[in-house]
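Throughout, protein chains are lettered first and strands after them, A, B, ... in sequence-line order, and every chain is numbered starting at 1. For the numbers below, each heavy atom of this structure counts, side chains included, while hydrogens, waters and symmetry mates do not.
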Amino acid sequence: MIHGSGGKAMAQLIEGLFLKAFDNPYLRQQNDQAAFSLPPGRVVMATDSHVISPLFFPGGDIGSLSVHGTINDVAMAGARPTHLSAGFILEEGFPLRELKRIVESMAAAAKEAGVPIVTGDTKVVERGKGDGVFINTTGIGVVPEGVELGGDRVRVGDHIILSGPIGDHGVAIMSLRENLTFETAIESDSQPLHDLVADMVKVVPGLHCLRDPTRGGLATTLNEIAQQAGVGMQIQEANLPVRPQVAAACEFLGLDPLYVANEGKLVAFCPADCSEALLAAMRAHPRGGEACRIGEVVADPHRFVQMQTRFGGNRIVDWLNGEQLPRIC
Amino acid sequence: MHLSVLGLVQGVGFRPFVYGLAQRLGLDGWVANDGEGVQIELEGELPNLQRFQQLLHQELPPLALIDRCEVVERPLQPERGFRIVQSRATEANTSVAADAAVCPDCLNELFDPANRRYRYPFINCTNCGPRYTITRRLPYDRPYTSMAEFQLCGGCQQEYDNPSDRRFHAQPNACARCGPELTLVDSAGETVEGDPIESTLRALRRGDILAIKGIGGFHLVCDADNSAAVERLRKRKARDAKPFAVMVANRASLESLVELDEASARRLESSAAPIMLLPRRQRDSTRLLAEGLAPGLDSLGVMLPYSPLHQLIFFEAAGRPTDAGWRSEPQSLRLVMTSANPAGEPLVIDNAEALAQLAGFVDGLLLHNRAIDCRCDDSVVQAGTPPMVVRRGRGLAPQILPLIPEGPPLLALGGWFKNSICLAKQQRAYVSPHIGDLNNANTCRFLEQSVEHMRRLFAVTPEAVACDLHPDFFSTRLAQQLAEQWRVPLVAVQHHHAHIAAVMSEHRLSGPVLGLALDGIGLGEDGSAWGGELLLLEGAGYQRLGQLRSLPLPGGDRAAREPWRIAAALLHLLGRNQEIESRLPYPGSPVVAQMLRQGLNCPPTSSAGRWFDGVAALLGVCAYNQFEARAAMSLESLAAGRCDFQGAHLPALENGQLDLLPLVSALVDEADPVRGAQRFHGALVIALEQWVMEAVQATGLERVALGGGCFLNRLLRETLCQRLRQNGVKVYLGEQLPCNDAGLSLGQAWVARQRLAR
Ligand SMILES: [Fe+3]
Ligand SMILES: [Mg+2]
Ligand SMILES: [Zn+2]
Ligand SMILES: [Zn+2]
């Protein structure tokens, strides 16, 4: 068990745990900071604090998630992530065994991604002032020459491409938290996407925008970009990949998969004439095997995101003020 | 003497009427339309001038309405004779009339082979024809209508200019030589040779589905007696079970279909010519009418041919008879007429749009070249005492109502479902026709266009904008945006407050009034979903005296589409959660049972509508709402007009909260759904009556306004009203505007006026 902030022995114990798990030359120097130089190109930096319940879930845990989340945020700029930092806030009394599991999972995720955690920090807060463990990660990366991505670069006529099925993460978390059982287990899609991105920008350097539809799901992401770029979007429900078990769970729970969080998917906007090449590159990569085109960007002063439904209707996929409030009168 | 007349006085044959009256009384002067209404200048003997003022009101043309008639002191220009002066375009403050069904005089000409307008599909006169749907702006004058592009021929011009002709200044006047014409095209857009009406009838008889351009938009039409055609239409429209309306030649042809009362018959034959929802006749007397027009419902929507074009199809089917007998005899042709709007989008009104959007749906299109400027769906009226307007469109819109609270001009943007908007100016409220559900981009755009169009038509510059409390309605967002853009205050009005305020506005009620809102869902002040509320309205505000016991909605809005989920919620509340799986074996029911146990995604609601859903599903009547309120409508149909008060359980009333669970508890094991439906209605009425009477006693108020979509349930409405009246309570219901969300905009305007006045 982790004890109050005073325990020097405990701090050393934790320090030792991190050092061993994340082991790399920067950490081994035991400085308060990491010093390194970066390859040429524009530098990208992103930070994300991870707060999740439950801490362990099918397909990952808070540790791997905190690595993937920040790597993906860096990668969405078209960058190759190079370094990560990690900050822990632990609640007094948090089981050491679980912390060890989280740290090891984090280390494995960083190693698999090839991005070292080069500096870190730990604080322990009083019992009741935290929720087990919170992890903040910051990432740095470098954008290759000739690549410039951004929501404002999206143009009318662009194709909208999704890297794979949506809704897995949110439904997996909810199922576990609420102790729901479905016929087929649903796993989180938490995964790093920077290798996939590297292949994408290599084939189509003129890509306009990448975004990972995390909180608020695909619907929120599309609306954000529509606002940013001053355009509308038209997507097709029939082309939208949702795993059958996720679709069924959403149906039962009354959730719309468009609004459910993802942790290992990206949506890309590219000029129409590049979309075939981009799709081919994505499908050739293990993390983009199910990539597909879901729609296109259209001119629309209202900036509506619309979806052609399976029944031929065309409904607005709205952005919501907070949670989904019932509205059927 | 100079008269200034305000009201519904343009485009309704008012000036010719004034001209005739002046001639009769030997008065000199002139009459002119202007933006303010109609100006009349008169010179003559005093008794004749007085007589004129009297007859002006007494002999008013059928479509006209005078709001105000003032004698204005101003120096007179000496005139000789009486004339009609050309329109002056000034600020428009006058009204535009609703479209009117073809009148008997025009019908006589239409079917008279000797008349020059024999079989002319666009015949009209000052008493009938299109109005709102062809008007671009006021004043109502030909150059400002879609008739502007048709140059009157000599004969038509003469009628138009001749004060004694019944087409004197009839703006849409036309004939086959100079006016609009019909074209029948196939689904590829190629013109079909031959007489368009003849070919149309032939196509319908062989089972084709046609798009026919009418007054306010296109219809999809097929032979109602051809099951295959109806089935095909249903598939193409992706309307699982939503009822279709039927058009027949005349009143006599309705006898075999529906129970027709005199008041409804007169309404069908009125110039508004709405779709009337009437009780169906027993199946055996319904000859070959296609199954599946209105599956599971005991009422049928019917209408009569309101445009000359429709009349000609029936005339053709009758074999172009030369005597008028066929017009009062039953005719065999019956047509399904459903508005041509792909999946909830606005009605198609434009030829090019129709070809682009409907070509895949239909086997042919009957087009004409008179543009529809304002889209207008058919109006729907439910028979009853009194009848209730379900949808306000062609013939009833735009609606001009008196608005009591004084205040600045304003715009109210309504709700999300069945949106309508309301403009308030001086003592009047202008309510738009039905706009639609704001879940698709085209309806949202139509809402925006309607705001612009109505503002132009009635020359209103809003100094405030009102909307619903719900933050995610397009109407609310548009209201926020417009208020910001115009730099005017935004007034958000609670949904059920607006429902009741709409009724108060219609009946010009002020002061404290009790309001019973039985509704689907509207957002409450506390952020939860309301819908069964007992309110006390006073001034700009209201107090919530009580509410229905709340129900969990497993799956949020999905529960409103799947009544079996509400049934599950009821079982759960009854402590019978473990029966959910076996009694409601629908996909997901184990998950729903668990959601209810854990309170997962189960927002609570005090909605009344959901109790109907739940009971319908418990009785096995309807598990899925393929269209809005299907469960409630099926439950009402099942009760067949009867409330069973036997063993009505006393509801639990606590702190003003009405708990309907004891009623459900008594029904949950009812094996006979008919008896279940009758007992539910009976017990519910008694419970509501007690609830209201307790509030009546506690507050000393004796006026109750009823609002919200549940009051479209005729059995509930009529029984509850009757019982409350027997208790000496004065009961008020919406009569001009629907009690559902279509009335919200008027209620919002009414509340906003009061709030701004403070
Ligand atoms: Fe409502
Ligand atoms: Mg992130
Ligand atoms: Zn007429
Ligand atoms: Zn003519």
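A 4.5 Å side-chain heavy-atom check between His302(A) and Glu448(B) finds at least one atom pair inside the cut-off. Inter-residue side-chain proximity for Met595(B) and Glu178(A) is flagged as unmet; no heavy-atom pair is nearer than 4.5 Å. With a 4.5 Å cut-off on side-chain heavy atoms, Trp319(A) and Arg477(B) count as touching. No side-chain heavy atom of Gln306(A) sits under 4.5 Å from any side-chain heavy atom of Asn440(B). Counting heavy atoms from C-beta outward, Leu600(B) and Leu253(A) have side chains that approach closer than 4.5 Å.
Neither the backbone nor the side chain of Pro554(B) comes within less than 4.5 Å of any heavy atom in chain A. Only the side chain of Met174(A) comes within contact range of chain B, with heavy atoms under 4.5 Å apart. Interface remark: Pro590(B) contributes no atoms to any contact with chain A (heavy atom separation under 4.5 Å). Interface remark: Asp318(A) contributes side-chain atoms only to the contact with chain B (heavy atom separation under 4.5 Å). Using a 4.5 Å cut-off between heavy atoms, Cys602(B) makes no contact with chain A at all. Both the backbone and the side chain of Asp557(B) come within less than 4.5 Å of a heavy atom in chain A.
When all heavy atoms of Asn179(A) and Gln594(B) are compared, the closest pair comes out as O-NE2, 2.7 Å. Between Val592(B) and Phe252(A), the shortest heavy-atom distance links the atoms CG2-O, 4.2 Å.
From Asn439(B), atom CG reaches atom OG1 of Thr309(A) across 10.0 Å, with rounding to the nearest 0.5 Å.
By number of non-hydrogen pairs under 4.5 angstrom with chain A, the leading residue of Tyr586(B), Trp416(B), Phe473(B) is Trp416(B). Among Asn740(B), Asn601(B), Leu438(B), the residue with the largest count of heavy-atom pairs under 4.5 Å with chain A is Asn601(B).
Counting heavy atoms of neighbouring residues, nucleotides and ligands inside a 6.0 Å radius, atom CZ of Arg215(A) does not exceed 12 of them. Counting non-hydrogen atoms of other residues, nucleotides and ligands closer than 6.0 Å to CD of Glu484(B) gives a total of 12 or fewer.
Aromatic ring centres of Phe474(B) and Phe304(A) lie closer together than 6.0 Å.
A salt bridge does not link Asp437(B) with Arg315(A): every distance from a Lys NZ or Arg NE/NH1/NH2 to an Asp or Glu carboxylate oxygen is 4.0 Å or more. Arg445(B) and Asp300(A) are joined by a salt bridge, as a carboxylate oxygen and a charged side-chain nitrogen come within less than 4.0 angstrom of each other.
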